[in-house]
Amino acid sequence: MGILLGLIAALAMVVVPSSASGAGSGLDDPVKKDIAMQLVSSAENSSLDWKAQYGYIEDIGDGRGYTAGIIGFCSGTGDMLDLVELYTQRDPDNVLAKYLPALRNVDGSDSHEGLDPGFQDDWRQAAQDPAFQQAQNDERDRVYFNPAVSRGKSDGLGTLGQFIYYDAIVMHGDGDDATSFSAIRDRARANAKTPAEGGGETAYLNAFLDARVWAMKQEEAHGDTSRVDTEQRVFLNNGNLNLDPPLDWKVYGDSYHID
């Protein structure tokens with residue numbers, strides 16, 4: 001009897017491997033989160049070195065003013081203002097604090113008024129400060145990463161699906177317009193049920209990517225849909241719902257690989 005009980009106890013401790021259905025640890029696993037950042041950086045900065053992007057800043061001509069930092073904070077959409085306000089709460093004497101009035105004034109526009117000529121240089125200087133790097137990390141998580149992962153999990157999605165949500169929120173935000181993340185999700189759900197609603201994960205994610213491509217094509221600046229077509233759709237077609245490396249993809253014609 002003792003041997004039998006020991007065998008039963010041992011079997012109870014056996015860990016069942018995650019299936020290919022997406023039942024992995026999720027995008028909030030540190031390794032998968034780093035992969036997500038590399039994937040986004042390949043599209044936003046043509047580089048896998050996302051930690052080199054704290055000092056990135058330019059106006060890419062998309063009507064959102066300056067785009068900057070590890071996730072593309074924009075002077076015209078409010079998230080850059082929120083970031084600098086957080087940084088200033090933590091370090092009132094930082095080099096960007098003097099631009100807060102200008103950032104408030106240009107919010108909602110593509111204007112540089114009150115920012116030029118020194119803002120870009122001062123942004124790059126601030127990016128050397130670990131406190132500003134941490135502020136970027138924290139705002140990325142609060143505004144984009146955590147909501148995407150939470151919504152993905154509630155919809156029954158695995159790691160790839162959570163990343164697909166994350167990349168969509170990064171580009172489109174989650175406002176009230178027809179191309180926002182929530183509108184894309186609603187458009188997808190009109191054509192396929194989420195896994196939480198009893199639908200198939202692959203079918204739903206294909207519907208979501210279809211809706212995402214439609215949203216991207218509504219803006220000339222986002223008309224190149226390769227971050228969906230030759231990246232996310234490749235992983236989905238390969239059945240890699242856990243976003244497990246090795247990963248091979250292309251964005252804007254450039255090839256990338258993660259071991």
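No experiment lies behind these values; they were computed from the predicted model shown. Residue indices begin at 1 and follow the sequence shown.
Using modelled atom types and a 3.5 Å distance limit, the side chains of Tyr144 and Asp174 yield no donor-acceptor pair. For the 3.5 Å distance criterion, the side chains of Asn137 and Gln133 fail to qualify, holding no donor opposite an acceptor. Tyr66 and Asp116 form a side-chain donor-acceptor contact under 3.5 Å, judged by distance and modelled atom types alone. The closest side-chain donor-acceptor pair between Asp167 and Gln232 falls under 3.5 angstrom.
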Working for salt bridge (charged side-chain N to carboxylate O under 4.0 Å, His left out), residues Lys33 and Asp141
CA-CA 11 Å; Lys33 186 174 184 177; Asp141 290 350; 3.0 Å; yes
Could you walk me through whether Asp121 and Arg124 pass the salt bridge (charged side-chain N to carboxylate O under 4.0 Å, His left out) test, one step at a time?
CA-CA 5 Å; Asp121 287 340; Arg124 296 185 189 103; 3.1 Å; yes
Test salt bridge (charged side-chain N to carboxylate O under 4.0 Å, His left out) applied to Lys32 and Asp244, step by step
CA-CA 8 Å; Lys32 295 298 174 69; Asp244 290 327; 3.0 Å; yes
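Contacts of Asp62 classified as salt bridge (Lys or Arg N to Asp or Glu O under 4.0 Å), with partners at least two apart in sequence or in another chain: Arg64. Residues that satisfy the side-chain hydrogen bond (donor to acceptor under 3.5 Å, both in side chains) test with Glu58, not counting sequence neighbours, are Tyr56.
Classification of the Tyr165-Phe208 ring pair by plane angle, with boundaries at 30° and 60°, yields tilted.
Each of Gln134, Gln136, Arg142, Arg140 was evaluated against Asp138; a single residue qualifies, Gln134, per the side chain to side chain donor-acceptor pair (under 3.5 Å) test. Checked options Arg189, Arg185, Gln162, Lys193; the residue passing with Asp155 is Arg185 (criterion: side chain to side chain donor-acceptor pair (under 3.5 Å)). Only one option out of Trp249, Tyr256, Trp50 pairs with Ser42 in a side chain to side chain donor-acceptor pair (under 3.5 Å); it is Trp249.
Residue Asp176 qualifies as open at atom CG: its count of foreign heavy atoms under 6.0 Å is 12 or below.
Residue pairs meeting the ring pair (Phe, Tyr, Trp, His ring centres under 6.0 Å) criterion with at least one partner in residues 81-101, sequence neighbours excluded, are Tyr87-Phe132, Tyr99-Phe119.
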